[in-house]
Number of protein chains: 2
Amino acid sequence: MNKKEQILNATLKLIVQKGIESTPMSEIAKAADTGMGAIYNYFPNKESLVSELYFHLKTKESAIIAYGYDSSLSVKQRFIYLWKKMISYFLAEPLDFMFLEQFYYSPSIDPVAKHNGSLYLKDLDQVYLDGQAQQIMKEGDIKEWIGFTSGSLVSLVKLHHSNYIRLKEETINNYIQAAWDAIKS
Amino acid sequence: MNKKEQILNATLKLIVQKGIESTPMSEIAKAADTGMGAIYNYFPNKESLVSELYFHLKTKESAIIAYGYDSSLSVKQRFIYLWKKMISYFLAEPLDFMFLEQFYYSPSIDPVAKHNGSLYLKDLDQVYLDGQAQQIMKEGDIKEWIGFTSGSLVSLVKLHHSNYIRLKEETINNYIQAAWDAIKS
DNA sequence: GGTGATGTATGGAATATTCATTCCATTTTA
DNA sequence: TAAAATGGAATGAATATTCCATACATCACC
């Protein structure tokens with residue numbers, strides 16, 4: 001019954017299907033079972049509708065990954081916990097994942113908006129900092145290392161959702177272990 | 001003086017700057033210093049202009065990576081050679097890289113077209129096959145492992161080109177070594 | 001070589017379509 | 001009963017594609 005949610009959900013589904021630029025507002029209205037008026041009542045224009053959806057999902061992502069996180073675990077345990085949570089979330093919510101990817105890679109989107117969403121990385125940063133301090137992780141720029149790890153794992157999720165591969169629960173752990181092998185010193 | 005090349009070059013530059021959907025044909029014409037007629041003489045429509053550009057670049061990529069490749073080297077040497085070549089090419093040609101990424105992530109593009117471009121992986125496949133046969137690489141689906149390695153390295157290139165990190169020549173070798181550490185058994 | 005004829009390439013104006021956004025009459029809510 | 005929310009038609013701008021008049025190249029024949 002919440003119109004705004006209906007609109008956001010319809011937007012998510014349609015944009016994942018057809019892309020941001022090929023999704024007309026009129027079609028969003030139809031899918032959300034409403035009219036133009038309602039949409040423009042909640043969102044001043046298409047761009048802010050899309051970027052509000054982005055922040056909504058980024059918040060959801062952060063919350064899910066951070067939930068149950070125990071910062072007193074060992075470096076390796078925390079490493080595994082965080083990446084595992086991320087993969088599980090992205091596998092469980094294909095729409096969320098594909099929208100976030102598409103938004104991130106869209107050049108027509110305000111670049112400032114994109115990086116604002118990536119602020120939940122505090123915990124992850126700390127894991128890598130601790131790992132280097134304890135000399136169990138390789139040296140080097142932490143932003144680069146996080147990009148490296150995340151690249152390998154996100155890439156698997158992406159290939160899974162485009163049906164190029166079919167990830168199985170037990171192999172996921174192997175890939176997280178491999179990501180660890182890459183960075184451990 | 002070759003009109004077709006001019007058009008493809010202008011398209012590449014503009015699409016990387018503003019995105020596929022926000023690049024009007026009229027602007028391509030202007031940038032290529034020509035008119036609509038010329039463009040539609042060479043390409044039946046916008047979509048085929050863009051996908052011809054994609055295949056053009058994919059062919060270029062394959063040629064560059066395969067050039068000088070010696071299939072008699074050891075598994076590890078071949079692994080390093082191929083990935084190093086790929087990274088170097090993508091670092092040296094930001095426009096090529098960013099266009100390929102953008103095309104790959106665009107849902108409005110025929111999905112069949114995309115995967116047709118990714119078939120030059122024969123040599124890479126062979127490296128991983130040999131590596132597993134010799135038991136120096138971890139077991140598992142080869143498509144997945146290639147996705148894993150490529151994800152980590154491409155991700156670094158991407159962050160480099162969005163100025164989030166600044167890759168240095170010598171650290172690149174470290175990351176390739178790390179990618180090897182991830183997969184070696 | 002010169003001359004015309006035939007087809008191809010080109011530029012850009014005209015057309016048709018596709019939307020984002022606006023507007024307003026009507027309905028719902030408080 | 002006033003204010004807010006809604007649906008959907010009307011508007012206007014953007015732009016892919018078509019069309020055509022002109023320029024250019026290629027070649028046949030003298």
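Fair warning: this is a prediction, and the values are worked out from it, not measured in the lab. Just so it is clear: chains get the letters A, B, ... in the order the sequence lines come, proteins before strands, and each one is counted from 1.
When the side-chain contact (heavy atoms from CB on, under 4.5 Å) test is applied to A:Y42, the partners found at least two apart in sequence or on another chain are A:K3, A:K4, A:I7. Applying the salt bridge (Lys or Arg N to Asp or Glu O under 4.0 Å) test to A:K46 and every residue at least two apart in sequence or in another chain returns nothing. When the side-chain contact (heavy atoms from CB on, under 4.5 Å) test is applied to B:K30, no partner is found at least two apart in sequence or on another chain.
Rounded to whole angstrom, the span from the CZ atom of A:F43 across to the C1' atom of C:dT22 amounts to 18 Å. In this entry the distance linking CD1 of A:I7 with C1' of D:dA5 reads 11 Å, nearest Å. Rounded to an integer number of Å, the gap from B:K4 NZ to C:dT10 C1' is 17 Å. Distance CD (B:Q6) to C1' (C:dT10): 12 Å, rounded to an integer number of Å. Atom-to-atom, CG of A:N41 to C1' of D:dA3 comes out at 12 Å; the value is rounded to the nearest Å. Going from atom NZ of A:K3 over to atom C1' of D:dT6 covers 7 Å, rounded to whole Å.
The backbone N or O of A:K184 sits nowhere less than 3.5 Å from a side-chain atom of A:K76 that would complete a donor-acceptor pair.
Among the protein residues, A:Y42 comes within range of the sugar-phosphate backbone only, with heavy atoms under 4.0 Å from sugar or phosphate atoms but none that close to a base.
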Q: At under 4.0 Å between heavy atoms, which parts of nucleotides 8-26 of chain D does protein reach? Answer with one letter per nucleotide, 5' to 3': B base, S sugar-phosphate only, - none.
A: BB-----SSBB--------
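Applying the salt bridge (charged side-chain N to carboxylate O under 4.0 Å, His left out) test to residues at least two apart or on different chains, the pairs with a partner in residues 152-170 of chain A are A:K84-A:E169.
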Output side-chain donor-acceptor pairs under 3.5 Å for residues 131-139 of chain A, partner residues at least two apart or in another chain, one line each.
unit_1 : atom_1 : unit_2 : atom_2 : d
A:Q132 : NE2    : A:K138 : O      : 3.1
A:Q132 : NE2    : A:G140 : O      : 2.9
A:K138 : NZ     : A:A182 : O      : 2.4
A:K138 : NZ     : B:D181 : OD2    : 2.5

